[in-house]
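Notes to accompany the following structure.
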Amino acid sequence: MALIRVDSISVPRGNRRIIDNFSLRCEEGTITAIVGANGSGKSTLLGAMAGDYPLESGSISIDGREIQSISLSELSQLRSVVVQESYYWLAFTARQILEMGQDAESISRIDATLAQLNCLDIADRSILELSGGQVQRISIARALIRNTPIYLFDEPFSAQDKTSRNNLISIFTEMRSQRKTVVLVLHSDSQELEWCNQIVENLS
């Protein structure tokens, strides 16, 4: 049985149906890339898989349980989510951002995760002083310090240079080897995604 099952879902946003009768399977220990044009519903699909958007019809289940029946507190233990853009307006340090709301186990992984993302040198700088790419990596770090079976990333490469992008690919493939399930929304050609297990190109 697939870890994530998306069965014939339709998802509205405002007065428009963004996704119509779409299905998907994501097995444990795999990487799924969702690609397509702007406005095609990629981020909406990811939000629905995170449990953040209500469905008009169909169902999404995690490990055999419908996502609507899972409490928010339990859902937070099942998936980590990185949205496309994060906005900060208070001068907390990157480390403080990572520590907020985390348990002791997650906090204990902060330094190793920052080192993995080549961000250890900015840990004690204000988040307001960082570049867009650095802020994005801090948002990714906030997800990676949590030990969940599922990770959902919306455009994790959008503000990254080639070196950081390649480093993130190495991190994602290492997560797969640890039986983590990774779902990525990407603006990439399918020919560049040979490291993914499946590529979803059409949400209609």
Side-chain angles (χ1 to χ4, degrees), residues 1-7 9 11 19 22-34 42-55 58-88 92 94-117 119 123 127 135-156 168 170-186 196-198 200:
M1 180 175 63
L3 180 62
I4 305 172
R5 289 175 58 102
V6 178
D7 289 307
I9 66 167
V11 186
I19 296 173
F22 176 79
S23 298
L24 176 67
R25 301 288 183 270
C26 299
E27 303 291 340
E28 179 184 7
T30 61
I31 300 174
T32 297
I34 302 167
K42 303 185 301 297
S43 296
T44 297
L45 173 60
L46 203 74
M49 293 171 70
D52 294 334
Y53 296 148
L55 307 180
S59 66
I60 298 174
S61 60
I62 296 176
D63 201 20
R65 299 173 58 195
E66 285 204 19
I67 200 167
Q68 296 94 331
S69 70
I70 304 173
S71 69
L72 288 175
S73 60
E74 188 177 358
L75 201 56
S76 71
Q77 302 301 311
L78 292 174
R79 90 289 187 262
S80 296
V81 184
V82 178
V83 298
Q84 190 169 349
E85 295 183 14
S86 298
Y87 298 98
Y88 301 98
F92 292 107
R95 185 183 300 279
Q96 289 171 326
I97 294 290
L98 294 176
E99 290 173 343
M100 288 179 187
Q102 304 295 345
D103 58 23
E105 182 185 355
S106 297
I107 290 173
S108 72
R109 287 196 285 267
I110 286 177
D111 281 353
T113 302
L114 286 170
Q116 193 177 26
L117 290 165
C119 289
I127 197 76
V135 169
Q136 186 177 46
R137 293 204 300 279
I138 295 302
S139 296
I140 291 169
R142 188 167 167 81
L144 295 182
I145 63 174
R146 302 182 62 246
N147 185 24
T148 59
I150 297 167
Y151 294 81
L152 308 174
F153 297 92
D154 195 350
E155 296 285 359
L168 284 171
S170 296
I171 290 170
F172 296 148
T173 55
E174 175 61 23
M175 291 166 66
R176 173 175 57 193
S177 73
Q178 298 169 357
R179 304 303 296 167
K180 304 297 186 181
T181 300
V182 180
V183 182
L184 308 160
V185 166
L186 299 174
C196 299
N197 295 90
Q198 67 173 335
V200 179

Problem set entry | Worked verdict on Asn147 versus Arg109 for side-chain hydrogen bond (donor to acceptor under 3.5 Å, both in side chains) | CA-CA 10 Å; Asn147 185 24; Arg109 287 196 285 267; 5.4 Å; no
For this session: Please report the C-alpha distance between Leu117 and Leu144 in whole Å, then the side-chain angles of each, then the deciding distance to 0.1 Å, and finally whether the side-chain contact (heavy atoms from CB on, under 4.5 Å) criterion is met.
Result: CA-CA 10 Å; Leu117 290 165; Leu144 295 182; 4.2 Å; yes
For this session: Show your reasoning for whether side-chain contact (heavy atoms from CB on, under 4.5 Å) applies to Met49 and Leu24.
Result: CA-CA 10 Å; Met49 293 171 70; Leu24 176 67; 4.2 Å; yes
For this session: Check the pair Leu45, Val11 against side-chain contact (heavy atoms from CB on, under 4.5 Å), reporting the backbone distance first and the verdict last.
Result: CA-CA 8 Å; Leu45 173 60; Val11 186; over 6 Å; no
Problem set entry | Residue pair Arg95, Asp111: steps toward the salt bridge (Lys or Arg N to Asp or Glu O under 4.0 Å) verdict | CA-CA 9 Å; Arg95 185 183 300 279; Asp111 281 353; 2.7 Å; yes
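Contact detail for Ala48 and Leu55: the closest heavy-atom pair is CB-CD2, 4.0 Å. Considering all non-hydrogen atoms of both residues, Ser76 and Thr148 come closest at O-CG2, 3.9 Å. Val185 and Pro156 make their closest contact through O-CD, 3.5 Å (heavy atoms, listed as atom of the first residue, atom of the second, distance). The heavy-atom pair separating Val81 from Ala50 by the smallest distance is CG2-CB, 3.8 Å.
Remark: Phe92 CZ is loosely packed, at most 12 non-hydrogen atoms of other residues, nucleotides or ligands lying under 6.0 Å away.
A salt bridge does not link Lys42 to Asp154: none of the charged side-chain nitrogens sits closer than 4.0 Å to a carboxylate oxygen.
Of the inter-residue distances, the one linking Leu98 atom CG with Ser139 atom OG reads 9.0 Å to the nearest 0.5 angstrom. Rounding to the nearest 0.5 angstrom, the gap separating the CD1 atom in Ile107 from the CZ atom in Arg146 is 12.0 Å. Taking CG from Leu75 and OG from Ser69, the interatomic distance works out to 10.0 Å, rounded to the nearest 0.5 Å. Taken from CD1 in Ile19 to CD1 in Ile9, the straight-line distance is 5.0 Å, to the nearest 0.5 Å. Note: Arg142 CZ to Ile110 CD1 = 9.0 Å, rounded to the nearest 0.5 Å. Here Leu168 contributes atom CG and Gln136 contributes atom CD; the two are 7.5 Å apart, rounded to the nearest 0.5 Å.
No side-chain heavy atom of Ile127 sits under 4.5 Å from any side-chain heavy atom of Gln96.
Counting only distance, with no hydrogens or angles, the side chain of Arg176 and the backbone of Ile31 share no donor-acceptor pair below 3.5 Å. For Arg25 (side chain) and Val6 (main-chain N/O), a donor-acceptor pair under 3.5 Å exists by modelled atom type.
When the ring-ring contact (aromatic ring centres under 6.0 Å, His included) test is applied to Phe172, the partners found at least two apart in sequence or on another chain are Phe153. Under the side chain to side chain contact (heavy atoms under 4.5 Å, CB included) criterion, Thr181 pairs with Leu3, Ile4, Cys26, Glu28, Thr30, Ile150, not counting sequence neighbours.
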